[in-house]
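These notes concern the structure reproduced below.
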Amino acid sequence: MLIDTALLISNGGTIHSFNSTDYIFQVDEMPKYYYQIISGDVKLNYNYENGKELIQSLLTDGDSVCELLLFVDEAYPVNAVAMSDCTLIRVPKKEFLKMLDERPSVASVVSKYIATTLAHKLVMMQNMACVKAEDRIMGTLRYFKSFYHDKTPFSYELKLTRQQFACITGLRTETVIRWLKKFETSGIVKIIDRKVFY
DNA sequence: ACATTAAGTGGTG
DNA sequence: CACCACTTAATGT
């Protein structure tokens with residue numbers, strides 16, 4: 001986990017439970033708390049006027065939730081939505097920043113975390129900028145597998161629904177389904193019981 | 001068993 | 001491709 005739970009609690013942290021699809025915070029809200037996931041899955045997303053959803057990040061156990069906004073005094077540009085029942089620890093912004101002041105080692109861990117996620121975002125942006133859907137999908141698959149320890153072919157299982165994958169790549173569900181099937185035919189990907197392995 | 005969500009297919013613009 | 005309509009498969013209560 002990013003920051004020790006006990007340390008967060010001793011700095012004003014409180015435990016909160018959310019059900020699947022609950023909002024943890026929403027677009028345009030001013031950030032007031034630091035959030036860290038104890039258990040469960042959370043997505044950062046944005047809903048366009050036309051109803052289309054863009055998933056910006058997928059977060060899980062130990063991750064902090066859009067912590068960078070606590071440093072810029074701006075409203076959230078994304079929603080944080082629980083994707084499963086989950087438990088988070090929440091620390092008021094003021095307490096959180098004070099803790100970082102008092103503990104340079106923790107501050108260092110946080111800045112490294114932010115730098116790391118930003119570096120990953122750069123890679124993902126390169127995928128998103130691809131004009132061809134084919135490249136966006138393959139780039140995203142490679143991107144996900146790059147964080148997975150086993151690099152051998154078909155070792156990585158895509159744990160997302162086609163719809164979620166579409167929301168990440170900015171494509172339609174049908175397009176994702178069709179390309180994944182093409183990739184299966186060409187041997188780039190395996191599909192077993194509807195599960196995708198790359 | 002019935003409702004809901006996800007996967008997959010065809011066709012149009 | 002996106003978008004729409006629709007079928008089939010899988011899950012949930």
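Note on naming: letters A, B, ... go to the chains in the order of the sequence lines (proteins, then strands), and numbering restarts at 1 for each one.
Heavy atoms from other residues, nucleotides or ligands lying under 6.0 Å from NZ of A:Lys151 number more than 12. For A:Lys121, the NZ atom sits in a packed shell: over 12 heavy atoms of surrounding residues, nucleotides or ligands are nearer than 6.0 Å.
For residues 133-150 of chain A, every residue pair satisfying the side chain to side chain donor-acceptor pair (under 3.5 Å) rule, not counting sequence neighbours, is listed here: A:Lys145-A:Ser155, A:Asp150-A:Thr152. Sorted by first then second residue, the side chain to side chain donor-acceptor pair (under 3.5 Å) pairs that include residues 30-42 of chain A, not counting sequence neighbours, are A:Tyr33-A:Arg90, A:Tyr34-A:Gln36, A:Asp41-A:Thr60. Listed by first then second residue, pairs satisfying side chain to side chain donor-acceptor pair (under 3.5 Å) with a partner in residues 64-79 of chain A read A:Asn45-A:Asn79, A:Ser64-A:Glu67, not counting sequence neighbours. Counting only residues at least two apart or on different chains, no side chain to side chain donor-acceptor pair (under 3.5 Å) pair has a member in residues 189-198 of chain A.
Considering only residues two or more places apart in sequence or on other chains, A:Tyr48 meets the ring pair (Phe, Tyr, Trp, His ring centres under 6.0 Å) condition with A:Tyr46.
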Show each protein N/O and nucleotides 4-6 of chain C N/O combination with a separation under 3.5 Å, one pair to a line.
from, atom 1, to, atom 2, distance (Å)
C:dC4, N4, A:Glu174, OE2, 2.8

Between protein and nucleotides 7-13 of chain C, what N or O pairs are separated by less than 3.5 Å?
from, atom 1, to, atom 2, distance (Å)
C:dA9, O4', A:Arg194, NH2, 3.0

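Other members of the cluster containing A:Leu122 are A:Met125, with ILVMFWY side chains joined at under 4.5 Å, either directly or via other members. Side-chain contacts under 4.5 Å among hydrophobic residues (ILVMFWY), followed directly or transitively, place A:Ile177 with no other residue at all.
The shortest distance between side-chain heavy atoms of A:Phe71 and A:Leu97 falls below 4.5 Å.
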For residues 112-119 of chain A, please give each side-chain donor-acceptor pair under 3.5 Å, one per line with the distance, not counting sequence neighbours.
from, atom 1, to, atom 2, distance (Å)
A:Thr116, OG1, A:Lys112, O, 2.7
A:Thr117, OG1, A:Tyr113, O, 3.1
A:Thr117, OG1, A:Ile114, O, 2.9

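Of the residues in residues 155-168 of chain A, those placing a heavy atom less than 4.0 Å from an atom of DNA chain B are A:Thr161, A:Arg162, A:Gln163, in numerical order.
Neither OP1 nor OP2 of C:dC1 sits under 4.0 Å from any side-chain N or O of A:Thr175.
Partner of A:Met99 under the side chain to side chain contact (heavy atoms under 4.5 Å, CB included) criterion, out of A:Val110, A:Val91, A:Leu8: A:Leu8 alone.
With a cutoff of under 4.0 Å to any heavy atom of chain A, the contacted region of DNA chain B is bounded 5' to 3' by B:dA6 to B:dG11.
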